[in-house]
S.K.: 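Below you will find the structure I want to go over with you.
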Amino acid sequence: MKQQIFSLYKIVKRKAAGSQRNIRWWVFSVLLSVVFTSNAQIRIWEGTPEKASSVTLTPFIPEGKTRSDVAVIVCPGGSYHWLDISTEGIGVAKWLQKNGITAFVLTYRVAGVWAYVSHYRLLVRGNRQPDMFRDVQRAIQLVRENASQWGINTNKVGVMGFSAGGHLAMSAGVFHNTNFLLPLGITPKVSLRPDFVVPVYPVVTLTDKRYVHKRSRKGLLGEWGKRNKLLQDSLSLERHIPADCPPVLLVNCVDDPVVKYQNSVLLDSALTARGVPHRYLQYKTGGHGFGASDVKGTEECRTWREAFLNWLKENIK
């Protein structure tokens with residue numbers, strides 16, 4: 001990329017004929033072109049009845065002979081109120097891309113910072129469930145339908161999520177038999193079931209008062225829905241694991257100060273009870289929000305990345 005930018009700079013410098021202002025403008029324009037050509041955002045609801053132009057899917061396509069035919073849709077966390085695009089989105093996607101895996105960062109719908117500050121969803125709907133479930137199912141649909149374009153095997157499409165994004169990723173596996181797209185008149189010809197799921201320090205329960213992450217619950221269910229016991233139960237993942245749930249690699253740390261580690265313990269127990277193939281990586285240290293970073297978290301928890309790559313080779317063939 002750096003060499004490409006340098007070469008383009010020399011070209012536009014000649015074209016600008018010595019004008020410093022023109023040079024800066026040309027360079028700026030070309031850099032924008034390089035960025036958007038390399039990772040062009042896909043507006044997943046374009047051409048549909050759904051009015052959600054902010055929802056995008058950004059592909060990170062690996063190059064070279066080490067490229068695999070696996071794809072991962074990445075769901076950043078943020079308490080269902082915002083998205084940590086940098087660490088848990090782009091950072092994760094670049095790490096996957098570096099390891100030959102095609103990644104797609106999903107900017108799914110969330111309540112927004114203003115909803116967190118003002119509670120305006122007491123008066124108007126705003127973003128809440130099932131919006132984000134539709135977003136992730138639509139992403140799975142589009143990745144599978146266009147798999148040949150990206151060199152992807154339609155039977156090797158997974159979802160990876162962090163924190164609240166971990167809840168969303170796991171929901172894609174738990175509720176895959178429910179077509180959330182149907183009210184929009186969309187009946188995909190491809191399966192909406194991910195081939196594997198990787199929830200990292202995920203939000204899991206919405207009912208257990210000892211462990212629930214209240215901010216995520218409010219972001220997902222809304223100001224009124226967060227008090228609805230039936231709704232809480234219906235989206236508490238540990239209570240709804242299906243027998244045909246896809247394989248799961250579950251990751252978290254005991255010292256997580258944000259989402260209590262028992263969320264993952266509940267999920268691990270539920271997966272075991274249903275006989276779902278899975279592996280649970282529980283680390284003592286690492287905290288929360290480390291994504292695929294080389295510096296965040298601890299040396300211990302950062303080993304999850306290599307463990308994931310090995311697990312993928314062993315389980316997704």
Side-chain angles (χ1 to χ4, degrees), residues 35 39 41-44 52 54-60 72-99 101 103-117 126-129 131-133 135-136 139 158-172 194 197-204 206 212-221 237 249-253 255-261 263-264 267 281 283 285-298 301-302 304-305 308:
V35 169
N39 299 103
Q41 291 183 332
I42 302 163
R43 298 193 181 280
I44 69 173
S54 64
V55 180
T56 60
L57 199 62
T58 306
F60 289 76
V72 175
I73 296 167
V74 180
C75 302
S79 305
Y80 279 125
H81 276 90
W82 44 79
L83 295 175
D84 181 3
I85 291 296
S86 178
T87 299
E88 297 173 349
I90 294 172
V92 172
K94 286 184 175 180
W95 162 68
L96 290 168
Q97 181 185 41
K98 182 180 178 181
N99 285 279
I101 299 169
F104 298 86
V105 177
L106 176 63
T107 57
Y108 57 93
R109 279 171 284 185
V110 291
V113 176
W114 184 239
Y116 176 69
V117 173
N127 288 335
R128 56 178 174 82
Q129 63 79 34
D131 298 345
M132 43 288 287
F133 301 138
D135 292 341
V136 73
V159 185
M160 176 183 289
F162 301 80
S163 195
H167 182 276
L168 181 60
M170 195 63 218
S171 294
V197 181
V198 186
V200 183
Y201 42 84
V203 171
V204 173
L206 302 182
V212 66
H213 188 245
K214 294 181 180 179
R215 186 167 65 238
S216 291
R217 183 172 66 184
K218 182 174 73 170
L220 177 65
L221 304 184
L237 302 178
L249 179 68
L250 174 61
V251 181
N252 82 327
C253 303
D255 68 346
D256 190 327
V258 179
V259 177
K260 293 182 178 179
Y261 80 91
N263 277 261
S264 290
L267 181 55
L281 301 175
Y283 299 109
T285 63
H288 192 89
F290 46 82
S293 171
D294 289 326
V295 295
K296 292 185 178 182
T298 62
C301 78
R302 288 195 290 271
W304 84 268
R305 298 173 297 178
F308 161 74

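Just so you know, these numbers use all the heavy atoms, side chains as well, and skip hydrogens, waters and symmetry mates.
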S.K.: Donor-acceptor pair, Ser79 side chain versus Arg215 backbone, under 3.5 Å?
M.R.: no
S.K.: Between Tyr108 and Cys75, what is the shortest heavy-atom contact and its length?
M.R.: CE2-CB, 3.9 Å
S.K.: Which is it for Arg305 and Asp294 under the side-chain contact (heavy atoms from CB on, under 4.5 Å) test, yes or no, and what are the steps along the way?
M.R.: CA-CA 10 Å; Arg305 298 173 297 178; Asp294 289 326; 2.7 Å; yes
S.K.: Nearest heavy-atom pair of Phe104 and Pro59: which atoms, and what distance?
M.R.: CE2-CB, 3.6 Å
S.K.: Please state whether the rings of Trp82 and Tyr116 are parallel, tilted or perpendicular, taking 30° and 60° as the class boundaries.
M.R.: perpendicular
S.K.: How long is the gap from CZ on Arg128 to CG on Leu221, to the nearest 0.5 Å?
M.R.: 9.0 Å
S.K.: Any donor and acceptor pair, going by atom type alone, linking the side chain of Asp84 with main-chain N or O of Gly77 inside 3.5 Å?
M.R.: no
S.K.: Among residues at least two apart in sequence or on other chains, which ones pass side-chain contact (heavy atoms from CB on, under 4.5 Å) with Arg109?
M.R.: Trp45, Glu50, Ala52, Val55, Asn127, Asp131, Arg134, Asp135
S.K.: Got a sec, which residues hit side-chain hydrogen bond (donor to acceptor under 3.5 Å, both in side chains) with Thr58, two or more places apart in sequence or on another chain?
M.R.: none
S.K.: Would a distance-only check, ignoring hydrogens and angles, find a side-chain to backbone donor-acceptor pair under 3.5 Å from Ser163 to Gly165?
M.R.: no
S.K.: Is a side-chain donor or acceptor of Thr56 paired with a backbone partner of Thr107 at a separation under 3.5 angstrom?
M.R.: no
S.K.: So, for Gly287 and Asp255, which heavy atoms are closest and what is the spacing to 0.1 Å?
M.R.: N-OD1, 2.8 Å
S.K.: Determine yes or no for a side-chain-to-main-chain donor-acceptor pair under 3.5 angstrom, with Tyr80 supplying the side chain and Leu168 the backbone.
M.R.: yes
S.K.: The test is side-chain contact (heavy atoms from CB on, under 4.5 Å); show your working for Trp95 and Phe308 and say whether it passes.
M.R.: CA-CA 12 Å; Trp95 162 68; Phe308 161 74; 3.5 Å; yes
S.K.: Minimum heavy-atom separation for Pro76 and Val105, please, with both atom names.
M.R.: CG-CG1, 4.3 Å
S.K.: What are the two closest non-hydrogen atoms of Ser264 and Val204, and how far apart are they?
M.R.: N-CG2, 4.4 Å
S.K.: Measure the shortest side-chain to side-chain distance between Phe290 and Thr298 over non-hydrogen atoms and say whether it is less than 4.5 angstrom.
M.R.: no
S.K.: Taking all non-hydrogen atoms of both residues into account, name the closest pair between Met132 and Val110 and its distance.
M.R.: CE-CA, 4.4 Å
